[in-house]
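A note on names: the letters A, B, ... follow the listed sequences, proteins ahead of strands, and every chain is numbered from 1. Model, not experiment: these values are computed from the prediction.
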Amino acid sequence: MTTFADLGVDQDIVEALSQRGIIDAFPIQEQTIPLGLPGQDIIGQAKTGTGKTFGFGIPVVQRLGANPEPGVKALIVVPTRELAVQVYEDMDMLTENRATSVVAIYGGKAYEGQIEQLKAGAQIVVGTPGRLIDLAGQRLLDLSNATEVVLDEADKMLDLGFLPDIEKIFQKVPAVRHTQLFSATMPGQIVTLARRFMSNPIHIRATDPDEGLTQANIKHLVYRAHSLDKDEVIARILQAEGREKTVIFTRTKRAAQKLVDELQDRGFAAVAVHGDMSQESRERSMAAFKAGKKDVLIATDVAARGIDVDDVTHVINHTIPDDEKTYLHRAGRTGRAGRTGIAITFVDWEDLHKWALINRALEFGQPEPIETYSSSPHLYADLQIPEGTKGRIATAPRADSAPKVDGAGGDRPRRRRSRSRGSASRPDAAAGAAAPRPAEGGGTHDGGGSEHRDGTSTPRRRRRRRGPRPDAAA
DNA sequence: AAAAAAG
């Protein structure tokens with residue numbers, strides 16, 4: 001096991017990390033840090049939740065020196081505001097024992113604080129394209145000395161929607177610079193395009209080529225949603241034992257809002273994040289979810305990438321994502337840092353072709369792992385039992401550590417104060433739903449242990465969880 | 001087509 005100290009990381013950074021129990025480097029970090037430190041341009045690719053942020057962040061901090069002059073020397077560009085906040089926090093942590101300061105520059109927020117921090121001499125900027133260009137245009141942000149440049153979620157940043165902004169930004173930074181691009185997904189044509197902004201980049205893939213594209217510790221379940229009351233089924237899944245936090249993705253902002261209202265009415269501690277909300281509300285939702293004050297987050301694809309929340313045990317695709325990349329990123333909100341997780345996808349009738357495409361791209365194996373459900377509540381209750389393979393399980397080809405969520409139960413009432421908003425609210429609906437409880441549970445949390453050699457997952461075989469948290473860097 | 005990203 002390689003430690004950060006072994007990789008040549010400065011002592012003060014090692015201390016900031018170790019204070020949080022972070023000692024050993026993940027594979028992507030092990031591979032990119034020794035290259036990034038001397039200034040090698042890198043395209044870094046590693047699966048979701050395997051530590052890419054430190055992979056580029058540590059070299060950025062260290063290369064600025066322990067006592068950098070005031071003024072922007074490093075720029076990290078990300079696709080969403082929430083990710084800007086998160087990466088800002090990571091960078092802030094890495095620099096806590098040195099004079100370097102970090103600022104987050106993104107929209108939906110007052111200019112003043114951001115401008116102040118820039119004027120105070122912040123050296124590292126983490127931001128989203130719009131506000132960065134805005135401030136740069138006003139000469140309030142000087143990028144002419146930003147010799148460290150990172151595109152996080154790089155394939156997204158180089159995608160059509162963002163590319164013009166990214167080109168503008170690259171025009172503002174020095175031609176001679178250190179450039180790092182990171183993402184879990186890096187289509188070949190994006191890699192080709194990326195080379196335009198880099199010099200002799202090395203493409204690092206911290207992935208075993210025949211390991212499959214999906215994370216081995218995420219289990220994938222797919223259900224045909226045709227004639228299914230999705231809200232009802234989701235409500236039941238949310239009562240599964242062993243569930244900690246859940247992220248539910250919808251295709252549209254409106255659908256997200258509708259679902260969060262519905263789930264709140266049913267008594268769940270749910271919050272939403274989508275682009276129709278004020279930035280303040282978005283951040284409030286994220287903070288409550290991260291802190292565990294709320295355990296259900298309903299989101300559009302704004303939260304599909306990068307967002308790192310501990311203890312997300314379930315991801316639910318209320319509507320199927322558009323493509324396999326989005327599928328991978330959404331599912332990757334669970335199963336982070338070696339933990340296990342479950343990704344459940346509902347496929348609407350009109351989206352069957354999308355599923356077929358995703359299924360093929362991700363090499364899930366079973367061609368059409370979809371089964372129709374009747375409206376029997378009992379079947380709904382079984383839905384969250386992975387080993388039941390009720391709805392066929394699509395597993396990555398070599399995924400041999402099929403995780404399981406324990407407990408089949410569907411009857412655990414929410415112990416939430418149901419805030420009756422509006423007289424029509426049904427505060428007890430969740431508890432009332434009390435599905436017949438198919439089996440014992442015995443669930444503690446933290447999906448750990450019990451590896452499971454497979455392809456289809458054995459029905460039967462109810463195991464209790466326990467066992468050590470899978471070694472993070474495994 | 002939707003979502004994101006400036007206001």
For a quick check of understanding: with a heavy-atom distance under 4.0 Å over all strands, which category does [X] fall into, base, sugar-phosphate or nothing?
X        : value
A:Gly107 : sugar-phosphate
A:Phe249 : nothing
A:Arg305 : nothing
A:Asp165 : nothing

Could you state the [atom1]-[atom2] distance from [X] to [N], rounded to the nearest angstrom?
X        : N     : atom1 : atom2 : result
A:Glu153 : B:dA3 : CD    : C1'   : 15 Å
A:Lys109 : B:dG7 : NZ    : C1'   : 17 Å
A:Arg282 : B:dA3 : CZ    : P     : 12 Å
A:Glu280 : B:dG7 : CD    : C1'   : 17 Å
A:Met277 : B:dA4 : CE    : C1'   : 15 Å
A:Arg131 : B:dA4 : CZ    : C1'   : 15 Å
A:Leu132 : B:dG7 : CG    : P     : 12 Å

Is any side-chain N or O of [X] closer than 4.0 Å to OP1 or OP2 of [N]?
X        : N     : answer
A:Thr300 : B:dA4 : yes
A:Lys253 : B:dA4 : yes
A:Thr128 : B:dA6 : yes

- Message: Between A:Gln45 (side chain only) and A:His203 (backbone N and O only), is there a donor and an acceptor less than 3.5 Å apart?
- Response: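 Checking the backbone N and O of A:His203 against the side chain of A:Gln45, no donor-acceptor pair under 3.5 Å is found.
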- Task: Would you confirm whether A:Arg236, through its side chain, and A:Val233, through its main-chain N or O, come within 3.5 Å as a donor-acceptor pair?
- Result: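 Checking the backbone N and O of A:Val233 against the side chain of A:Arg236, no donor-acceptor pair under 3.5 Å is found.
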- Query: Can we say A:Asp155 and A:Lys325 salt-bridge, meaning some charged N sits less than 4.0 Å from an Asp/Glu carboxylate O?
  - Reply: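 A salt bridge is absent here (no side-chain N lies under 4.0 Å from a carboxylate O).
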- Query: For A:Gly108 and A:Gln279, which heavy atoms make the closest approach, and how far apart are they?
  - Reply: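 Nearest heavy atoms, A:Gly108 then A:Gln279: O-CB, 3.2 Å.
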